[in-house]
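All values derive from a computational prediction rather than experimental measurement. Letters go in sequence order (proteins before strands), and every chain restarts at 1.
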Amino acid sequence: MAQGQETNQIDKIERQLKDMQENFEKQQREMKESFERLIQQQQEQIEALKKQLAQATNVVAGATATNQPSTQPSDAERQRLQQELAAKLGANAAPSAAPPPAPAPATAWSPTQPITIGRAGQAYMNISFDVLMDVGSSTAHDPSAELQLGDHDPISRGFSLRNAEIALDGAVDPYFKGFGNIVLKLDKDNETSIELEEAYLVSSSLPANLQLKAGQFFANFGRQNSQHPHQWAFVDEPLILTRTFGPDGLRNVGAQVSWLAPTPFFTEVSLGVMNGEGSTAFSFRNLGDNVMGTNRFHGRATLDRTLSGAGDLLYVPRISSSFDLTDQQTIVLGISGAFGPNDTESDARTEIGGVDLYWKWKAANSQAGFPFVSWQTEALIQRFEAGADPTVGLPSETLRDWGFYSQVLWGFTQRWVAGLRGEYVNGNEGLDDPNDVFRGERTRVSPNLTFYPSEFSKLRLQYNYDHGERFGTDHSIWLQMEFLLGAHGAHKF
Amino acid sequence: MKNKLLTGCLLVAAVCQPALAKLNVVATTPDFGAIAAVIGGDQVSVTTLAKPTEDPHFVDAKPSFILKLNRADAVIEGGADLEIGWLPRLLDEARNTKLAPGAPGRIACNPGIQLLEVPATMDRSKGDIHAAGNPHFLTDPANAKIVAEHIAESFTQLDPKSASLFAANLKRFSARLDEKLSLWDKELAPFRGQRVVAYHDSWPYFAHHFGLKIDLFLEPKPGIPPTPVHLADVILQMRAGHVRAILVEPYQSRKTAQTVGAETGATVVDVSQFPGGIKGTEGDYISLMDSVIHAVVKALGEAKSSS
């Protein structure tokens, strides 16, 4: 009984095996046939293509034979064309006899190509290295003594390199983005100094349209203060910003909250709270320069005020709004303030207010962002309570400074921008003014022309007409060069 | 009683609210905007940032765009770095977690699309090349189908209640596109293998689809304006290869193209990647492709009949 069942099962398995074998053979046969068909088809196609190719080659060969001069153009024809095109199109580059660069091969992607690492969007952060250098001269023997007070301005006749900046930015995690800016610069003795210009994080997921920024950063005051030198439209810092915020701009350790208001147009309100200490908080808790063993600011010996309460911090509020006047015109208006103590007396305070305007027109069919016209103006007023210093005969007094700059840029054709900036600064009379390069009436007019070979490099030629009640009239001319390596985060409007 | 009525009203309002609320979508460029509007129908309102006539690589990060992104439920971007110079900054300032990377409201259009010209080495001496590959992928209408499907999927995820509407709109769009595709394929078939010149390298996908050879550009390198030295070389190559058409987009210098055209006898063809870049194609991707293809066919056809 059991044996019979077994035999039955063996039979069954054998039958199944046989079926499977037959099936397999049948499939193999079918596959072979279809492959053969496919190969035959492909061979036919190849033959057809070969024929076509042969015909085409013959045609080309024929054309070459009959049109020898046009397919093998003489250098003379090439040169004639180059000159004619240069004349017709207002050359972007002078014609040269040099052979043209070989056209870059169009590299189509293939699966065998290696995957390159470090591609944008595949790296954890943008890393860039940006260098600004200047060469030029001035009728002033030492331009840095009085004319070029900005820390990234050209400082001497000949060459200066005042801004080599390593910029880092990226997402920290789903909650924060991080930014870093490390600036290296060469002084007149070619010694390198380094500064941690900015290092801060920005929240990316706060509710209620809020955003938090914390660390060392440029205060959100006006337009230019928070821009890095390579974004500037001129080689030097505007005079009024140097007077109020010092050579380095207003930046400090602190925190800032900003809020996008629910208005029908763009409105952003921000409040920064900072330590307000040191030379990057120039008009605030700044010990000033060491003059023969004593730290002095606006002539007064300074006291090292330590923080004794919230009132000793620096507060920087700002509100700005923007409107699209037309499809091609945008305007941004802002009001900013900076309030905090200064170091010239234990209860001395500084108040700075400013208004700013930025207007830009860009053509509806702009290429690479050209043509455009922009107008930027900032006006600031400062009230500085200067303490008394009997040792040098200075009473307490209130120093008032005001001034503005206004600049127009015209990107008249792709890669070229012409600019004109006018500036005026003045103040009330202070008793220490004769010794103070940061005071007194001054006017500066600066036309310039910038050429951008690409987004990553520029050449800028600028002339400065400078007139000040302290130094009379000076003329300077500067050529600035910039290059940027790597990936750099996009800029604000 | 009054209370009950009020509660009832509130309930009705609460239930109706999501159905009434349209998805507020921002598209970076008008091509994505047009497709999104077709798929979304009346359940989606679409705002487009870049103008169809301007260079999409260099759009100003205007504050009004921050506001639009702040109030959006979703943003549609290419995902291939075309907008890298302006979009990241806008999104940083928009303070909108719905648009955070990886969120359903962050719709990148490149998934499923095989990007061409992915550089093997990152070298800016070759011009302003895109690390992720050539980002102008919607110039191949077959890619528009993939993008439309992806957008429909994303919309469905954001608003499941309107799934059937999105599906129906997608079906209609795809059918219309399929129909057109076979027409376009036929129209351009006689010109397969022909060489066409373009101002900028924005047409590799178009060339790939229709079997044209668009590998000669008026720009010497991507983003570098034409120079006489380079143009002279282009002209000589065009003469030797009997090239009959030069593609120019609204924001590129037509004068340069015309000069080259006059030297070579080639026709300057006004094309655009963006609906509205050619008059009469506003908001309609298919009619844009229609005019682009007809213009190319006309230029190549004229050349054929005259030679």
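- In this structure a side-chain-to-backbone donor-acceptor pair under 3.5 Å is missing from B/Arg89 to A/Phe493.
- For the options A/Ser322, A/Ala368, A/Ala208, A/Pro174, heavy-atom pairs under 4.5 Å to chain B are most numerous at A/Ala368.
- Contact detail for B/Phe58 and A/Lys362: the closest heavy-atom pair is O-NZ, 2.7 Å.
- Looking at A/Pro207, there are no atoms closer than 4.5 Å to chain B (heavy atoms on both sides), in backbone or side chain.
- You'll find the side chain of A/Leu89 stays beyond 4.5 Å of the side chain of B/Pro228, heavy atoms only.
- No hydrogens or angles considered: a donor-acceptor pair under 3.5 Å links the side chains of A/Asp324 and B/Ser64.
- Here the side chains of A/Leu85 and B/Thr227 are not in contact, with every heavy-atom distance at 4.5 Å or above.
- A/Phe412 CZ: more than 12 foreign heavy atoms inside a 6.0 Å radius.
- Both the backbone and the side chain of B/Lys62 come within contact range of chain A, judged by heavy atoms closer than 4.5 Å.
- Under the 4.5 Å side-chain criterion, counting only non-hydrogen atoms from C-beta, A/Arg415 is in contact with B/Ile224.
- There is no contact between B/Glu249 and chain A, counting heavy-atom distances below 4.5 Å.
- Only the side chain of B/Ile235 comes within contact range of chain A, judged by heavy atoms closer than 4.5 Å.
- No part of B/Val234 comes within reach of chain A, as not one of its non-hydrogen atoms sits under 4.5 angstrom from that chain.
- Contact detail for B/Ala232 and A/Gln82: the closest heavy-atom pair is CB-CG, 3.4 Å.
- Taking each heavy atom of B/Ala94 and A/Leu260 in turn, the nearest pair found is O-CD2, 4.2 Å.
- Contacts of A/Phe372 with chain B are absent, with no heavy-atom separation under 4.5 Å from either backbone or side chain.
- There is no contact between A/His488 and chain B, counting heavy-atom distances below 4.5 Å.
- Considering only heavy-atom pairs separated by less than 4.5 Å from chain A, the leading option among B/His208, B/Lys51, B/His130 is B/Lys51.
- Side-chain N or O atoms of A/Asn365 include none that pairs as donor or acceptor with a backbone N or O of B/Thr53 at under 3.5 Å.
- Counting non-hydrogen atoms of neighbouring residues, nucleotides and ligands closer than 6.0 angstrom, the CH2 atom of A/Trp375 reaches no more than 12 such neighbours.
- Annotation: side chain of B/Glu263 is in contact with side chain of A/Lys88 (closest heavy-atom distance under 4.5 Å).
- Between the A/Lys492 side chain and the B/Leu90 main chain, no donor and acceptor come within less than 3.5 Å of each other.
- Annotation: maximal heavy-atom pairing with chain B below 4.5 Å, among A/Ser204, A/Ser258, A/Ala171, occurs at A/Ser258.
- With chain A as partner, the option from B/His57, B/Lys68, B/Arg71 having the largest number of non-hydrogen pairs under 4.5 angstrom is B/Arg71.
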Starting from the C-alpha separation in whole Å, work towards a yes-or-no answer on side-chain contact (heavy atoms from CB on, under 4.5 Å) for B/Asp60 and A/Thr330. CA-CA 10 Å; B/Asp60 277 337; A/Thr330 299; over 6 Å; no
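- In terms of heavy-atom proximity, B/Leu67 sits nearest to A/Phe266 at CD2-N, 3.7 Å.
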Would A/Glu77 and B/Arg239 count as a salt bridge (Lys or Arg N to Asp or Glu O under 4.0 Å) here? Give the steps. CA-CA 12 Å; A/Glu77 168 66 356; B/Arg239 283 182 190 164; 2.5 Å; yes
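- Minimum interatomic distance between A/Ala490 and B/Gly85 (heavy atoms only, all atoms of both residues): CB-O, 3.3 Å.
- Neither the backbone nor the side chain of A/Ser321 comes within less than 4.5 Å of any heavy atom of chain B.
- No side-chain donor-acceptor contact under 3.5 Å links A/Ser205 and B/Arg95.
- For the pair B/Asp92 and A/Gln211, the tightest heavy-atom approach, listed with the atom from each and the gap, is O-NE2, 2.8 Å.
- Put simply, the side chain of B/Pro225 does not reach to within 4.5 Å of the side chain of A/Gln367, judged on heavy atoms.
- Contacts between B/Thr256 and chain A at a heavy-atom distance below 4.5 Å involve backbone atoms as well as side-chain atoms.
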Apply the test side-chain contact (heavy atoms from CB on, under 4.5 Å) to residues A/Leu206 and B/Thr97: give CA-CA distance (whole Å), side-chain angles for both, the deciding distance (0.1 Å), then the verdict. CA-CA 8 Å; A/Leu206 277 192; B/Thr97 46; over 6 Å; no
